[in-house]
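Remember, predicted model here, so these are calculated numbers, not experimental data.
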Amino acid sequence: MDWTHYRFLSLWSLAAPPGEVYEALADAERYPRWWPQVREVTPLDAMSGVVRIRSVLPYDLVFTGREVRRDPAAGVLEIAMTGDVDGWARWTLAIDGTGTRARYEQEVQVTKPLLRRFAVPGRPAFRANHALMMRAGRKGLVAYLRGTPSREP
């Protein structure tokens, strides 16, 4: 087993139509307004940007995200990731009653030296850290879609 390889899957039920959810998720520059662990998104061009995230554990992950698929009709957003993690992440949206089911999939190889060094003993904590980040992201997106004031102007 490669202890530096991760696969994640999160499913979010959201009480908003897929088009609204898609629009919010497609606007990565605004993620820091509603997703507390996404600390910074710095655009590089129309298709890519540098993302800095930090959850509960005391380290930042910095990576470049490059759009590889943007398909509103299919409800799919996908990026390639390079930096402290290399791999991909994908949102797939579907109608769920009167709302949306958002499926988040991510497959990455950790390249950050600190995380590689602690790959075996730290793995449960790293997975828990990711789960907490995803839970906070869902909560933040729900508030954002409701028009609740964001955490930054």
Side-chain angles (χ1 to χ4, degrees), residues 1-16 18 21-22 24-44 47-71 74-96 99-146 148 150-152:
M1 175 175 186
D2 181 353
W3 293 94
T4 63
H5 182 260
Y6 289 85
R7 283 186 174 181
F8 298 107
L9 171 64
S10 295
L11 301 173
W12 296 357
S13 290
L14 303 161
V21 175
Y22 189 91
L25 293 174
D27 191 357
E29 286 181 63
R30 290 187 180 266
Y31 278 34
R33 292 186 179 202
W34 57 267
W35 200 331
Q37 292 79 12
V38 179
R39 303 301 173 99
E40 187 176 15
V41 177
T42 306
L44 296 174
M47 302 289 285
S48 63
V50 176
V51 180
R52 183 173 63 86
I53 61 173
R54 182 181 188 134
S55 191
V56 176
L57 296 177
Y59 61 82
D60 288 354
L61 289 178
V62 179
F63 61 88
T64 298
R66 183 181 47 79
E67 184 179 297
V68 294
R69 185 170 178 203
R70 180 183 288 250
D71 186 343
V76 176
L77 291 162
E78 185 174 338
I79 63 168
M81 306 161 73
T82 56
D84 289 341
V85 291
D86 288 347
W88 57 269
R90 177 187 314 120
W91 288 105
T92 306
L93 307 181
I95 295 171
D96 185 20
T100 302
R101 179 173 174 239
R103 177 185 180 99
Y104 178 81
E105 299 169 89
Q106 183 182 46
E107 187 168 344
V108 294
Q109 187 79 29
V110 174
T111 62
K112 186 175 182 92
L114 173 70
L115 300 184
R116 290 182 69 80
R117 192 170 313 123
F118 293 104
V120 174
R123 190 171 180 87
F126 300 158
R127 292 191 69 79
N129 197 52
H130 188 272
L132 290 169
M133 178 178 167
M134 294 307 293
R135 188 175 325 166
R138 183 193 175 283
K139 182 179 177 182
L141 182 57
V142 165
Y144 182 76
L145 292 169
R146 286 186 186 149
T148 304
S150 61
R151 58 185 197 98
E152 72 177 73

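Pro18 and Gly99 get closest at one heavy-atom pair: CD-O, 4.0 Å. When all heavy atoms of Ala16 and Thr100 are compared, the pair lying nearest together is O-OG1, 2.5 Å. Considering every non-hydrogen atom in both Gly75 and Tyr22, the closest pair reads C-CE1, 3.8 Å. Annotation for Leu93 and Ala102: closest pair CD2-CB, 3.5 Å, computed over non-hydrogen atoms. For Arg39 against Arg54, the heavy-atom pair with the smallest separation is NH2-O, 3.3 Å. Closest non-hydrogen pair, Arg116 versus Thr111, comes out as CD-O, 3.5 Å.
In this structure, Arg101 places its CZ atom where only 12 or fewer heavy-atom neighbours from other residues, nucleotides or ligands lie under 6.0 Å away. For Leu132, the CG atom is densely surrounded, since the number of other residues' heavy atoms within 6.0 Å is greater than 12. For Arg127, the CZ atom sits in a packed shell: over 12 heavy atoms of surrounding residues, nucleotides or ligands are nearer than 6.0 Å.
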Run the side chain to side chain contact (heavy atoms under 4.5 Å, CB included) check on Asp71 and Glu78 step by step: do they pass?
-> CA-CA 9 Å; Asp71 186 343; Glu78 185 174 338; over 6 Å; no

Step by step, would you call Glu40 with Arg52 a salt bridge (Lys or Arg N to Asp or Glu O under 4.0 Å)?
-> CA-CA 5 Å; Glu40 187 176 15; Arg52 183 173 63 86; 3.2 Å; yes

Under the side chain to side chain contact (heavy atoms under 4.5 Å, CB included) criterion, do Val51 and Phe63 qualify, and how do the steps go?
-> CA-CA 5 Å; Val51 180; Phe63 61 88; 3.6 Å; yes

Determine, step by step, whether Arg138 and Leu14 satisfy the side chain to side chain contact (heavy atoms under 4.5 Å, CB included) criterion, reporting the C-alpha distance in whole Å, the side-chain angles of both residues, the deciding distance to 0.1 Å, and the verdict.
-> CA-CA 8 Å; Arg138 183 193 175 283; Leu14 303 161; 4.3 Å; yes

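Interatomic distance, CD of Gln37 versus CG of Asn129, reported as 8.5 Å (0.5 Å rounding). In this structure, Leu77 CG and Leu25 CG are separated by 6.5 Å, a value rounded to the nearest 0.5 Å. Distance CD1/Ile53 to NE2/His130: 7.0 Å, rounded to 0.5 Å. In this structure, OH on Tyr6 lies 7.5 Å from CG on Leu115, to the nearest 0.5 angstrom.
Listed for the Asp86 side chain is no donor-acceptor partner under 3.5 Å among the backbone atoms of Gln109. Distance alone, capped at 3.5 Å, places no donor-acceptor pair between the Asp84 side chain and the Lys112 backbone.
Relative orientation of the Trp34 and Tyr31 rings is tilted, given thresholds of 30° and 60° on the angle between their planes. Using cut-offs of 30° and 60° on the angle between ring planes, the pair Tyr59 and Phe126 is perpendicular.
Note that Arg90 lies in the cation-pi zone of Trp88, set by a 6.0 Å cut-off to the ring centre and a 45° limit from the axis.
Partner Arg7 forms a side-chain hydrogen bond (donor to acceptor under 3.5 Å, both in side chains) with one of Glu107, Glu105, Gln106 and no other, that one being Glu107.
Proximity of Met134 to Phe8: side-chain heavy atoms (C-beta onward) are nowhere separated by under 4.5 Å.
Under the rule for a side-chain contact (heavy atoms from CB on, under 4.5 Å), the partners of Arg66 that lie at least two apart in sequence or sit in another chain are Ser48, Val68, Ala80.
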